[in-house]
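What follows is a short report on a single structure.
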Amino acid sequence: MITWIASYPKSGNTYLRSLISAYFFSDSGKFDFDMLLNILQFPSLKFSKNDLFSKKDAAQNWILNQNHFFSKKNIFLKTHNTLREYEGYKFTSLKQTSGAIYIVRDPRNVITSLKNHYKFDNYDDALKFLLDDRKVIGIKNSEKEVDLPHIISSWKNHFNSWKKMEKNYLLIKYENLLSTPEVEFEKITNYIETIFDRKFEKKRVLDAINMNSFDKLKDLEKENGFKEAPKFSGSPISFFNLGKKNNWKNLLNPEIEKKIRIEFNKEMKELNYI
């Protein structure tokens, strides 16, 4: 059965995977990026019986691949895919899924990370990405995990789709995970205990948090690189870019901020972002 770690891109998925990986897979008290390989991404060619790249082909094989690769074990999987159906095909069902941890982030901070990650020339281009109801990410023959289409839609549609998860849905706000990691990680460990029938040790939880401060992850990327970091013209773009310094109030022009606030007003109020 799959426990999804789901999020819209640039919303804290990797940080949460780092915390969970440090707890489960670190025996030495140290964290390295190879531990993230214990929580891989879906969709991915690694977990696909067919080398097909169209959106419809990918959708037709979502549940087929989940049944083939994950039916006999409990596993965490990362995804940026929306939970919405595509041409009648469901992304997953309760037969394959034990639940989902969904990480959400203020879209006014998401957009600044998108601009850096995809090297957009301006915030208008990043806004088009954020608002696109038909948005798909994925690069055919990519060296990274995103080598099959991920249908992500807009920030609003993505959030609204995953909150309809009918079983074991846990919402985590990225901002809280950064500011009060002990409180938020306790919510996550309590959640995981109900699914994996496993008790967490307080000291190891604190160790995992200490190993994975944003500054330490950023230093680790500088020292060793990070395979998930984007590359343009052969040069990597910093994946761990601003962290807590990513504050839309200091970075975003008022016109773009207003457009986001109007477009996502209902969802942002629901999440107490406005």
Side-chain angles (χ1 to χ4, degrees), residues 1-17 19-20 39 41-43 59 62-63 66 70 74-111 113-114 129-137 149-181 183-196 248 260-274:
M1 297 287 281
I2 302 164
T3 300
W4 298 100
I5 301 177
S7 72
Y8 190 80
K10 306 310 297 176
S11 297
N13 199 306
T14 299
Y15 181 49
L16 179 52
R17 288 164 63 212
L19 287 171
I20 294 173
I39 305 177
Q41 181 159 280
F42 185 92
W62 283 335
I63 288 181
Q66 289 168 37
F70 312 119
N74 290 324
I75 189 171
F76 290 109
L77 286 179
K78 164 191 174 179
T79 192
H80 290 312
N81 214 90
T82 178
L83 197 58
R84 301 171 87 191
E85 292 185 8
Y86 182 80
E87 295 195 7
Y89 297 103
K90 291 183 176 181
F91 178 66
T92 192
S93 79
L94 297 186
K95 292 181 180 179
Q96 295 80 33
T97 295
S98 56
I101 303 172
Y102 188 81
I103 313 102
V104 69
R105 186 183 191 184
D106 189 326
R108 295 169 296 186
N109 285 330
V110 170
I111 193 173
S113 286
L114 288 174
F129 184 111
L130 200 69
L131 300 180
D132 189 350
D133 289 341
R134 298 184 177 183
K135 188 63 185 177
V136 177
I137 59 174
H150 288 232
I151 301 173
I152 64 170
S153 192
S154 65
W155 179 90
K156 173 174 68 176
N157 288 342
H158 200 284
F159 167 68
N160 285 327
S161 75
W162 278 97
K163 74 180 185 182
K164 294 178 181 178
M165 168 62 67
E166 298 174 338
K167 181 181 180 183
N168 295 330
Y169 173 75
L170 177 64
L171 177 67
I172 295 292
K173 292 171 72 172
Y174 176 65
E175 294 82 4
N176 294 344
L177 196 59
L178 284 181
S179 62
T180 56
V183 174
E184 296 305 302
F185 201 36
E186 183 177 2
K187 295 177 186 177
I188 294 162
T189 56
N190 289 341
Y191 171 91
I192 293 172
E193 284 179 350
T194 65
I195 294 176
F196 286 82
W248 63 266
I260 293 173
R261 187 164 26 88
I262 291 172
E263 182 68 26
F264 301 147
N265 187 268
K266 178 182 176 182
E267 291 74 21
M268 292 176 72
K269 283 183 176 177
E270 179 182 339
L271 291 162
N272 293 318
Y273 286 138
I274 55 176

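FYI, the numbering just counts along the sequence from 1.
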Legend entry - Steps toward side chain to side chain contact (heavy atoms under 4.5 Å, CB included) verdict (F129, I152): CA-CA 10 Å; F129 184 111; I152 64 170; 3.8 Å; yes

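- For the atom pair CG (L77) and CD1 (I2), the distance works out to 5.0 Å, reported to the nearest 0.5 Å.
- In this structure Y102 satisfies the side-chain hydrogen bond (donor to acceptor under 3.5 Å, both in side chains) test together with H158, sequence neighbours excluded.
- Judged purely by atom type and a 3.5 angstrom limit, R105 uses its side chain to pair as donor or acceptor with the backbone of K10.
- W4 places none of its side-chain heavy atoms less than 4.5 Å from the side chain of N81.
- Of the inter-residue distances, the one linking S11 atom OG with L16 atom CG reads 12.0 Å to the nearest 0.5 angstrom.
- With respect to I188, the side chain to side chain contact (heavy atoms under 4.5 Å, CB included) criterion is satisfied by exactly one of L19, L177, I103: L177.
- Proximity of a side-chain donor or acceptor of R17 to a complementary backbone N or O of K78 within less than 3.5 Å is not detected.
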Expected list for residues 84-92: side-chain donor-acceptor pairs under 3.5 angstrom, two or more places apart:
from: R84; atom 1: NH1; to: S153; atom 2: OG; distance (Å): 3.2
from: Y89; atom 1: OH; to: Q60; atom 2: NE2; distance (Å): 3.0
from: T92; atom 1: OG1; to: Q66; atom 2: OE1; distance (Å): 2.7
from: T92; atom 1: OG1; to: T97; atom 2: OG1; distance (Å): 2.7

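- The closest donor-acceptor contact from the side chain of T79 to the backbone of F42 lies under 3.5 Å.
- The ring-ring contact (aromatic ring centres under 6.0 Å, His included) search around F70 returns F47, not counting sequence neighbours.
- Atom-to-atom distance recorded for T3:OG1 and F76:CZ is 5.5 Å, nearest 0.5 angstrom.
- Partners of T82 according to the side-chain hydrogen bond (donor to acceptor under 3.5 Å, both in side chains) rule, which considers only residues two or more places apart in sequence or in another chain, are S161.
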(message) With side chain to side chain contact (heavy atoms under 4.5 Å, CB included) as the criterion, how do N265 and I274 come out once you've worked through the C-alpha distance, each side chain's angles and the decisive distance to 0.1 Å?
(response) CA-CA 8 Å; N265 187 268; I274 55 176; 3.5 Å; yes

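- Under the 3.5 Å distance criterion, the side-chain polar atoms of Y273 are left unmatched by any main-chain donor or acceptor of R261.
- Side-chain atoms of N157 do not come within 3.5 Å of backbone N or O of D133 as any donor-acceptor pair.
- Taking F159 as the reference, nothing meets the ring-ring contact (aromatic ring centres under 6.0 Å, His included) condition, with sequence neighbours excluded.
- In this structure a side-chain-to-backbone donor-acceptor pair under 3.5 Å is present from Y191 to A100.
- Put simply, CG on L130 and OH on Y8 are 4.5 Å apart, with the number rounded to the nearest 0.5 Å.
- The CD1 atom of I20 sits 11.5 Å away from the OH atom of Y15 when rounded to the nearest 0.5 Å.
- Of the inter-residue distances, the one linking I111 atom CD1 with I260 atom CD1 reads 4.0 Å to the nearest 0.5 angstrom.
- Residues H150 and P43 have side chains in contact (heavy-atom distance under 4.5 Å, counting atoms from C-beta outward).
- By the side-chain hydrogen bond (donor to acceptor under 3.5 Å, both in side chains) test, N272 pairs with no residue at all, sequence neighbours left out.
- Applying the side-chain hydrogen bond (donor to acceptor under 3.5 Å, both in side chains) rule to S93 yields the partners Q96; only residues at least two apart in sequence or on another chain are considered.
- Applying the salt bridge (Lys or Arg N to Asp or Glu O under 4.0 Å) definition to pairs two or more places apart or across chains, those involving residues 156-178 are K156-E263, K163-E270.
- Minimum heavy-atom separation, M1 to L94: CE-O, 3.6 Å.
- Under the side chain to side chain contact (heavy atoms under 4.5 Å, CB included) criterion, T194 pairs with no residue, sequence neighbours left out.
- For the pair V183 and N176, the minimum side-chain heavy-atom distance is 4.5 Å or more.
- Listed by chain and residue number, K187 satisfy the salt bridge (charged side-chain N to carboxylate O under 4.0 Å, His left out) test with E184 (two or more places apart in sequence, or in another chain).
- Aromatic ring orientation, F264 versus W155: tilted (interplanar angle from 30° to 60°).
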